[in-house]
There are 2 protein chains.
Amino acid sequence: MGNIRATFRSQCDNSHAMDARFPLSNTESPWLPFESRRRARDEKREAVLRAAVQLFLEQGYHRATLNDVAKRLNITKPALYNYFRGKDEILFECWSIGHELVDDCIGETSAGGGSGLDKLRKLTIRYAELMTTDYGKSLVRFDLRDLSEHNRKIVQTAKRRIDRAFRDYIAIGIADGSVKPCDPKLAAFAIAGSLNWIGHWFQPGGELTGHAVAEEFAIRLTEGIATTSMRKKADKPPRKGNVGNASREDGSEHHARAAAGAAGQSKRARGRLR
Amino acid sequence: MGNIRATFRSQCDNSHAMDARFPLSNTESPWLPFESRRRARDEKREAVLRAAVQLFLEQGYHRATLNDVAKRLNITKPALYNYFRGKDEILFECWSIGHELVDDCIGETSAGGGSGLDKLRKLTIRYAELMTTDYGKSLVRFDLRDLSEHNRKIVQTAKRRIDRAFRDYIAIGIADGSVKPCDPKLAAFAIAGSLNWIGHWFQPGGELTGHAVAEEFAIRLTEGIATTSMRKKADKPPRKGNVGNASREDGSEHHARAAAGAAGQSKRARGRLR
DNA sequence: ACTATTTGTTACCCATGGGTAATATACGGG
DNA sequence: CCCGTATATTACCCATGGGTAACAAATAGT
């Protein structure tokens, strides 16, 4: 591929006063390899996060050392600092991915139609399923106080937004008659509490699939406040795909990326550090 | 009141060969002062636990240092080692107190009458209220992996017992017809999850009292699976007393003590260390 | 082939905090 | 008054682990 310097030299040889800012042979953009390097970098970055979130969940943030994370990736600790400023930033990025996934759920649910109760059920299912994945668990298992002041503010704000979504759907449901009158705040706490707790007890290898848990919880948690009884019990076979971790393996990375902008001040995809 | 020394001297004065091992005036047992010393010790021990549980909740177990705990008690770190073997033992004892309180709830609920649903509601209320107290929060906010192998086993066993209580009440309720047929395991997870989550969001100074939260949750969490609708909404004014922390201030320390034996291998009240 | 950049390594620093040893003080009992 | 015990203090040890500096190897572009 022609590069700028070669082009420039040939121009000098020909004694033409053509400006180097307009190279002739441009068949292959010099930007492509740069992009591929950047992508390789991002893939490594995400590999770090996958290893980190697993270790943080397995052992707890404080017991899991950066040496552990590095060892799992067959590198050494200082290499991690090519991708992250420090341990707490890794934690934040794990949390951030989880939050992007939640924001997807909320966005899609809000965009879709249906009554307040329908929205609440849809969000409940998707949120429950998310809680059975690593990045979903990040949202409820990690301690905000391990983050820097700045990142903690971001997370707190985002958490309030999630809580608001539940409350809003309940309030909408009360307004449109699909939900029995109740205190939206406490009802949201009750539902979100049950769902969040999934992230504490669910084990991927157990007798229950994440999808089965999600379906059951969606019924259980909403039947108390629903005006309609919903005893149809749709018996569609459990979907195979897993949200979160698993789906990120198959190359469809736009899923998480799409909502990156909506995830508040999350600075993911900010590129290199130095 | 005559003291032992005076009595002894008068005996010698009378030149009687009476053995000092059988003093005449025994109106005050020499064991009393020893007992009082032991009680003073136990009071200090519990003061340490109160300070510790507060700090562990405020800052998290790993960020809270033993120096912090000691400073709050106006002593220094090594003094703590007169009462505990180490930091993880303090954590375990905090957890242990919480567990004794839960065991009280379960014991009283099981002893009392009523249908399975009644028991479930009773336990739900008491458990929810407990989750608004410091020692109650210990049960769900502290990480088992910070405990020693031995103590972790104890805690895990006890946690399973708590879970079992919820499941059993639900199963009883299904059997006696007070609860709709459902999977007791998942229903228990759903209810206990909501309740446990209270320990994460409840702030004692907020707009809601622990009792109000407990009443509301007991209704919300059981109305979905109850066969009877229970729309009487008993409007009795909220009780004043707080379970846990507060009630321990008023001198009725038998509350926690009574179930000490039932709390599994909890070695509380084992007295001095050395 | 040559050079600059990226990415990784080895070897180190050092703040933190749990835990201990030596020691001083208070106190009850004889 | 003296002694033993309990309790507290000061002064330390040291393993841990996050973070950094200096340097080496891989790689892309020219």
Side-chain angles (χ1 to χ4, degrees), chain A residues 1-10 23 28-45 47-48 52 55 59 61-71 73-91 146 148 271-274, chain B residues 3-9 12 20-21 23 28-45 47-48 52 55 59 61-71 73-91 146 148 271-274:
Chain A
M1 52 179 154
N3 56 60
I4 296 182
R5 183 187 300 222
T7 307
F8 183 76
R9 203 184 299 118
S10 69
E28 286 200 344
S29 163
W31 294 102
L32 270 182
F34 176 76
E35 274 297 317
S36 99
R37 285 245 312 245
R38 199 170 76 81
R39 180 158 53 172
R41 180 186 176 83
D42 284 356
E43 274 164 20
K44 289 183 190 169
R45 212 181 125 94
V48 172
L55 268 165
Q59 314 191 3
Y61 177 70
H62 286 99
R63 270 172 302 278
T65 71
L66 290 186
N67 279 322
D68 294 335
V69 176
K71 194 174 294 173
L73 295 162
N74 297 317
I75 56 177
T76 56
K77 176 177 61 171
L80 296 174
Y81 284 82
N82 282 318
Y83 307 99
F84 301 95
R85 278 191 221 281
K87 196 186 184 188
D88 64 324
E89 192 183 73
I90 296 180
L91 184 71
D146 288 317
S148 68
R272 70 254 327 273
L273 250 61
R274 55 186 188 190
Chain B
N3 58 51
I4 295 181
R5 183 188 301 225
T7 307
F8 184 76
R9 204 184 297 116
C12 291
R21 285 174 303 178
E28 287 200 344
S29 163
W31 293 102
L32 271 182
F34 176 76
E35 273 298 315
S36 98
R37 287 253 302 254
R38 199 171 75 84
R39 180 158 53 169
R41 179 186 175 83
D42 284 355
E43 273 163 19
K44 289 183 190 169
R45 212 181 124 93
V48 173
L55 267 166
Q59 313 191 3
Y61 177 70
H62 287 99
R63 271 172 301 279
T65 71
L66 289 185
N67 278 323
D68 293 337
V69 176
K71 193 174 293 174
L73 294 162
N74 297 317
I75 57 177
T76 56
K77 177 177 59 171
L80 297 174
Y81 285 81
N82 281 318
Y83 305 99
F84 301 94
R85 279 191 219 281
K87 196 186 183 188
D88 63 325
E89 192 181 74
I90 296 180
L91 184 70
D146 288 317
S148 69
R272 71 257 325 273
L273 249 60
R274 52 186 189 190

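The sequence lines fix the lettering, A, B, ..., with proteins before strands; numbering per chain opens at 1.
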**Item:** A:D146 side chain to B:H62 side chain, donor-acceptor N/O pair below 3.5 angstrom
**Value:** no
**Prompt:** What is the minimum heavy-atom distance between A:A70 and A:K77, and which atoms define it?
**Reply:** CB-N, 3.5 Å
**Message:** Closest-nucleotide mapping onto DNA chain D: is B:P78 or B:A40 further toward the 5' terminus? I mean the 5' end.
**Reply:** B:A40
**Request:** Give the rounded distance in Å between these two atoms: CD1 of B:I75 and P of D:dT10.
**Result:** 12 Å
**Item:** salt bridge (Lys or Arg N to Asp or Glu O under 4.0 Å) partners of A:D68, counting only residues at least two apart
**Value:** none
Between N or O atoms, less than 3.5 Å apart, protein on one side and nucleotides 14-18 of chain C on the other: list the pairs.
| unit_1 | atom_1 | unit_2 | atom_2 | d |
| --- | --- | --- | --- | --- |
| C:dG18 | OP1 | B:K87 | NZ | 2.9 |
| C:dG18 | OP2 | B:L66 | N | 2.9 |
| C:dG18 | N7 | B:K77 | NZ | 2.8 |

**Steps toward side chain to side chain contact (heavy atoms under 4.5 Å, CB included) verdict (A:I90, A:V69)** = CA-CA 11 Å; A:I90 296 180; A:V69 176; 5.6 Å; no
**Fill in**
From OH of B:Y83 across to P of D:dT5 the rounded distance in Å is 18 Å
**Message:** Does a side-chain N or O of B:R41 approach OP1 or OP2 of D:dT7 to a distance below 4.0 Å, or not?
**Reply:** yes
**Request:** Grab the NZ-P distance between B:K71 and D:dA8 for me, whole Å please.
**Result:** 18 Å
**side chain to side chain contact (heavy atoms under 4.5 Å, CB included) partners for B:K44, two or more places apart** = B:Y83
**Asked** Of all residues at least two apart in sequence or in a different chain, which pass the side chain to side chain contact (heavy atoms under 4.5 Å, CB included) check with A:K71?
**Response** none
**Asked** Are OP1 or OP2 of D:dA8 and a side-chain N or O of B:T76 less than 4.0 angstrom apart?
**Response** no
**Request:** Measure from CG on B:L80 to C1' on C:dT20 and round the result to the nearest Å.
**Result:** 14 Å
**Asked** B:N82 has an atom CG; how far is it from atom P of C:dA22, in whole Å?
**Response** 16 Å
